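The structure under discussion appears below in the form of structure tokens.
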Amino acid sequence: MSQQVRVRFAPSPTGPLHIGGVRTALFNYLFAKKNNGVFFLRIEDTDQNRYVPGAEEYILEALKWLGISPDETMGVNEKFGPYRQSERKDLYQQYAKDLINSGNAYYAFDTAEALDAIRKEEEEQGKTFIYNHHNREKLDTSLIISKEETAQRIANGEHYVIRFKTPVNETLHLHDIIRGDIKFETNLLDDKVLFKSDGMPTYHLANIVDDHLMETSHVIRGEEWLPSMPLHVLLYRAFGWDAPIFAHLPLIMKPIGNGKLSKRDGDKLGFPVFPLDWKTEEGISSGYREKGFFPEAVLNFLALLGWNDGTEKELYSLEELVNSFDLNRVHKAGAKFDPEKNKWFNHQYLMKQKHSDLAKAFAPILAEKNIQVTDDSLIRIVSLIKERAHFVSEFWEMSDFFFEAPTNYEEKATKNWKSDTPALMQELISVLGEITDFTSTNIETIVKDWMTKNEIAMGKIMQPFRLSLVGALKGPHLFDIVEIIGKQETIKRIEKAITTL
Ligand code: GLU
């Protein structure tokens with residue numbers, strides 16, 4: 001094994017990348033960068049039945065959007081290419097044959113029907129059928145016929161698979177960085193198919209051969225692959241290769257109840273479980289990008305699903321994550337997905353954005369509504385509203401009154417509009433009309449002085465004033481709104497409220 005840390009993300013292109021897959025990619029990325037290693041992407045597309053067009057492009061685009069693109073992959077530093085397994089097809093057969101020659105694998109000719117019949121028979125006797133040491137000598141395999149007969153049957157074009165000959169009566173003592181020492185009994189394993197007569201390897205063979213050839217130092221992947229670990233270790237041994245170091249990441253669990261977060265949970269529970277939108281004929285599965293999440297917020301959130309640095313710290317830049325990340329601090333218990341926390345992270349990152357960037361992100365929403373606004377005002381507006389926003393997409397609802405006079409007044413807020421309010425508002429108009437330096441603090445001082453001098457209670461003015469300008473009792477500091485919409489518009493809105501309410 002090479003000394004250098006080389007880790008891979010090895011998804012199968014069977015659909016959009018689930019958020020759990022993104023977390024696996026992220027942990028591999030962090031581990032690689034932390035150790036000055038290489039993070040590569042390999043596409044495991046040997047199962048043609050499950051291949052979904054567009055999935056590979058989706059994976060690449062998602063990693064790029066998140067800022068964790070691989071150092072090596074298709075078209076990028078192809079040191080150990082090709083990185084798409086379907087393009088490495090011709091290479092696997094020889095490895096399967098090597099295992100046959102060394103006595104670690106065998107040909108099995110059983111038809112699907114024959115296997116079904118045996119399965120039924122065993123099930124009737126209350127047993128679960130498993131293809132392994134206990135019955136492999138009774139099944140239709142090269143273990144019980146001559147080399148010549150085997151060669152003849154293959155030459156005749158008979159369907160076959162190559163199965164691994166799992167060693168018998170052995171206890172495997174394995175180690176996983178996250179799970180510690182684990183024991184497996186080989187007698188409980190089945191003789192997995194490694195290669196099929198259609199010329200395609202299965203996941204197990206291709207994965208091991210490629211991890212060896214691509215000099216993978218650590219296999220960091222989801223817990224669902226833990227049951228494959230003994231077979232994989234046995235395969236490395238059968239080939240006479242050093243096995244990489246393993247780390248199986250905890251599952252990501254549903255926000256409520258038990259069970260693993262599934263691809264369907266997102267749209268059902270109202271939050272995305274995919275990095276980007278995924279469109280099919282059945283509709284759109286929503287993605288973090290299109291929902292308005294910042295990629296940094298998604299990464300930060302995912303990093304803490306199963307890992308922490310032992311402190312209370314929650315906000316990390318990617319660079320800080322790289323510096324703090326430690327596989328030894330990944331826990332093995334499932335990590336609960338918390339959609340509210342997810343939004344909280346986005347808010348934190350929204351607060352960190354430059355006002356000019358937030359304004360730039362908001363501008364297209366305004367342009368769609370044909371609203372003209374200067375850059376300076378827009379920057380000012382976003383600075384006033386961002387405190388309460390999780391997403392830029394909420395900006396319009398939080399700030400529409402800056403751009404348009406209210407067309408109606410919130411029912412419950414009109415309670416503050418009393419019989420003496422119109423007269424007071426009329427007076428307020430005169431006060432405002434005389435202000436020349438129309439800036440927030442100055443307007444505030446003058447209006448408040450007027451109230452004090454005339455012994456007018458705050459509530460009598462401030463709430464109806466806000467209602468006139470906003471149509472509700474929401475919004476940022478009132479005098480900031482007054483300054484931004486300007487004297488003329490402010491007076492116009494108060495006059496309208498007087499006649500309407
Ligand atoms: N192709 C497997 C997947 O879809 C890779 C598992 C592994 O990392 O070994 O996740």
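These figures come from a predicted structure and were not determined experimentally. Just so you know, residue 1 is the first one in the sequence shown, and it goes up from there. Just so you know, ligand 1 is whichever comes first in the structure, and atom 1 is the first atom listed for that ligand.
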Working for salt bridge (charged side-chain N to carboxylate O under 4.0 Å, His left out), residues Glu394 and Lys343: CA-CA 12 Å; Glu394 295 166 346; Lys343 279 163 63 181; 5.8 Å; no
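Look at Lys313 and Glu320 and you find a salt bridge, because one of the NZ, NE, NH1 or NH2 atoms lies within 4.0 Å of a carboxylate O, short of that distance. Looking at Glu170 and Arg237, a side-chain N of the basic residue comes within less than 4.0 Å of a carboxylate O on the acidic one, giving a salt bridge. Ionic pairing of Lys33 and Asp71 is present here: one or more N-O contacts between side-chain nitrogen and carboxylate oxygen are shorter than 4.0 angstrom.
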Give one line per pair: atom of ligand 1, protein atom, distance. Only N/O to N/O under 3.5 Å.
unit_1   : atom_1 : unit_2 : atom_2 : d
ligand 1 : 1 (N)  : Ala10  : O      : 2.8
ligand 1 : 1 (N)  : Ser12  : OG     : 3.1
ligand 1 : 1 (N)  : Glu44  : OE1    : 2.6
ligand 1 : 4 (O)  : Ser12  : N      : 3.4
ligand 1 : 4 (O)  : Ser12  : OG     : 3.3
ligand 1 : 8 (O)  : Arg8   : NH1    : 2.7
ligand 1 : 8 (O)  : Arg8   : NH2    : 3.3
ligand 1 : 9 (O)  : Arg8   : NH2    : 2.9
ligand 1 : 9 (O)  : Tyr203 : OH     : 2.8
ligand 1 : 9 (O)  : Asn207 : ND2    : 3.0
ligand 1 : 9 (O)  : Arg221 : NH1    : 2.8
ligand 1 : 10 (O) : Trp225 : NE1    : 3.4

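Ring to ring, Phe293 and Phe391 are close: their centroids are under 6.0 angstrom apart.
With sequence neighbours left out, Glu44 forms a side-chain hydrogen bond (donor to acceptor under 3.5 Å, both in side chains) with Arg42, Gln85, Asn207.
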